[in-house]
Amino acid sequence: PGCSVAQVPVAEGKSVQQTVELLTRRLELLGAEKQGTFCVDCETYHTAASTIGSQGQTGKLMYVMHNSEYPLSCFALFENGPCLIADANFDILMVKLKGFFQNAKANKIESRGTRYQYCDFLVKVGTVTMGPSARGISVEVEYCPCVIANDCWNLLMEFMQSFMGNHTPGIPSVFGTKHDSIYSPADTMVQYMELFNKIRKQQQVPVAGIR
């Protein structure tokens with residue numbers, strides 16, 4: 001199924017939670033029905049210092065992700081690199097590989113929220129948190145019957161406009177690389193990885209002092 005994952009900015013004068021409520025209320029007014037909850041999480045691992053050679057190599061980041069939609073799988077993604085889909089025991093393997101990859105625990109980030117079904121669309125509106133605080137909002141929209149991502153982009157966009165308005169995202173970069181090939185769960189996880197990294201970077205921008 002073709003799927004779009006996007007960040008929605010917090011509405012002016014509202015909190016993250018109030019903006020999530022605005023979005024879900026719009027969905028419910030359209031006739032979307034609640035269908036349980038979802039969670040996507042992401043832990044960052046960096047190459048252990050001992051494994052980086054003296055040739056000035058830079059350490060690589062690896063993201064280990066889980067998605068409640070695929071409870072038996074674990075996704076390992078490298079930035080700009082391949083996505084490995086493994087079984088849930090992969091987490092235990094990462095503990096054993098701690099001499100090579102170290103967990104940047106402070107960087108754990110996740111999105112949790114409610115799943116909605118509307119006709120052939122599955123919508124997940126999530127609150128993105130890092131540590132104890134809410135950092136942003138994610139919206140995932142999936143058009144279930146279609147397996148060729150590019151075939152359903154116009155439909156996805158039209159539906160997203162009905163409740164996201166002018167915050168409707170552009171076509172995901174992963175669609176551009178797929179062409180006419182079949183969309184897979186890994187493509188969704190790549191979109192979440194990009195969204196989480198964007199939100200992390202937004203947190204690192206220093207806030208200008210009051211003049």
- Query: Do Leu122 and Tyr143 sit in the same hydrophobic cluster, where Ile, Leu, Val, Met, Phe, Trp and Tyr count as joined when their side-chain heavy atoms come under 4.5 Å apart?
  - Reply: no
- Message: Test your reading of the model: is there a side-chain donor-acceptor pair from Tyr63 to the backbone of Phe75, 3.5 Å cut-off?
- Response: no
- Nearest heavy-atom approach of Ile137 to Pro9 is CD1-O, 4.4 Å
- Query: Taking it one step at a time, do Val64 and Phe101 satisfy side chain to side chain contact (heavy atoms under 4.5 Å, CB included)?
  - Reply: CA-CA 11 Å; Val64 176; Phe101 286 103; over 6 Å; no
- Shortest non-hydrogen contact from Val20 toward Gly126: CG2-O, 4.5 Å
- Note on the structure: Taking every heavy atom of Leu195 against every heavy atom of Ser138, the minimum-distance pair comes out as CD2-CB, 3.8 Å
- Query: Taking side chain as C-beta onward, heavy atoms only, is Phe38 less than 4.5 Å from Ser111?
  - Reply: yes
- Message: If the condition is ring pair (Phe, Tyr, Trp, His ring centres under 6.0 Å), which residues does Tyr118 pass it with, not counting sequence neighbours?
- Response: Phe159
- Message: Can you confirm whether Glu43 sits close enough to Met94 that some side-chain heavy atom of one is under 4.5 Å from a side-chain heavy atom of the other?
- Response: no
- List for me each residue that meets salt bridge (Lys or Arg N to Asp or Glu O under 4.0 Å) alongside Glu110, sequence neighbours excluded, and say none if there are none. Arg112
- Item | Listed partners of Arg26 passing side chain to side chain donor-acceptor pair (under 3.5 Å), at least two apart | none
- Query: Between the side chains of Arg115 and Ser68, is a donor N or O closer than 3.5 angstrom to an acceptor N or O?
  - Reply: no
- Task: Say whether Leu30 and Phe121 are linked into one hydrophobic cluster, either directly or through other cluster members, by side-chain heavy-atom distances under 4.5 angstrom.
- Result: yes
- Message: Can you pull out every side chain to side chain donor-acceptor pair (under 3.5 Å) where at least one residue sits in residues 153-171? Sequence neighbours excluded, please.
- Response: none
- With sequence neighbours left out, what residues match Thr129 under side chain to side chain donor-acceptor pair (under 3.5 Å)? none
- Separation of Leu77 CG from Leu61 CG (nearest 0.5 Å): 12.0 Å
- Item | Side-chain touch Met189/Ile85, heavy atoms, less than 4.5 angstrom | no
- Note, Asp187 side chain near Cys3 side chain (heavy atom, < 4.5 Å): no
- Find out whether Pro169 and Ser4 are in side-chain contact, i.e. whether some heavy atom of one side chain is under 4.5 Å from a heavy atom of the other. yes
- Query: Is the closest side-chain heavy-atom distance between Tyr192 and Glu140 below 4.5 Å?
  - Reply: yes
- Message: If hydrophobic clusters are built by linking Ile, Leu, Val, Met, Phe, Trp and Tyr wherever their side-chain heavy atoms come under 4.5 Å apart, do Leu23 and Val16 end up in the same one?
- Response: yes
- Item | All side chain to side chain donor-acceptor pair (under 3.5 Å) counterparts of Gln17, not counting sequence neighbours | none
- Item | Cluster link Met164 to Val125, ILVMFWY, side chain under 4.5 Å | yes
- Note on the structure: To the nearest 0.5 Å, atom CD of Glu21 lies from atom OG of Ser15 at 7.0 Å
- Task: Output the distance between atom CD (Gln102) and atom OG1 (Thr47), rounded to the nearest 0.5 Å.
- Result: 9.5 Å
- Query: Would you say Gln191's side chain and Val5's backbone share a donor-acceptor pair under 3.5 angstrom?
  - Reply: yes
- Val40 side chain near Phe196 side chain, heavy-atom distance below 4.5 Å: yes
- Atom pair CG/CE of Leu155 and Met157 - distance to nearest 0.5 Å: 10.0 Å
- Task: Using a 4.5 Å cut-off on heavy atoms from C-beta on, say whether the side chain of Met193 contacts that of Asn197.
- Result: yes
- Message: Can you tell me how far apart OH (Tyr183) and OG1 (Thr188) are? Round to the nearest 0.5 Å.
- Response: 3.0 Å
- Apply side chain to side chain contact (heavy atoms under 4.5 Å, CB included) to Arg135 and Arg200, showing your working. CA-CA 8 Å; Arg135 300 294 175 93; Arg200 275 199 201 97; over 6 Å; no
- Check His66 against Ser73 and note the closest heavy-atom contact, atom names and distance. CD2-O, 4.2 Å
- Task: Let me see the working for Glu142 and Leu156 under side chain to side chain contact (heavy atoms under 4.5 Å, CB included), right down to the final yes or no.
- Result: CA-CA 8 Å; Glu142 185 180 317; Leu156 267 177; 6.0 Å; no
- Query: Of the non-hydrogen atoms in His46 and Ala104, which two are nearest, and what is the gap between them?
  - Reply: CD2-CB, 4.0 Å
- Could you grab the distance from atom CD of Glu194 to atom CD of Gln7, nearest 0.5 Å is fine? 12.5 Å
- Query: Tyr45 and Phe90: same hydrophobic cluster, using ILVMFWY side-chain contacts below 4.5 Å?
  - Reply: yes
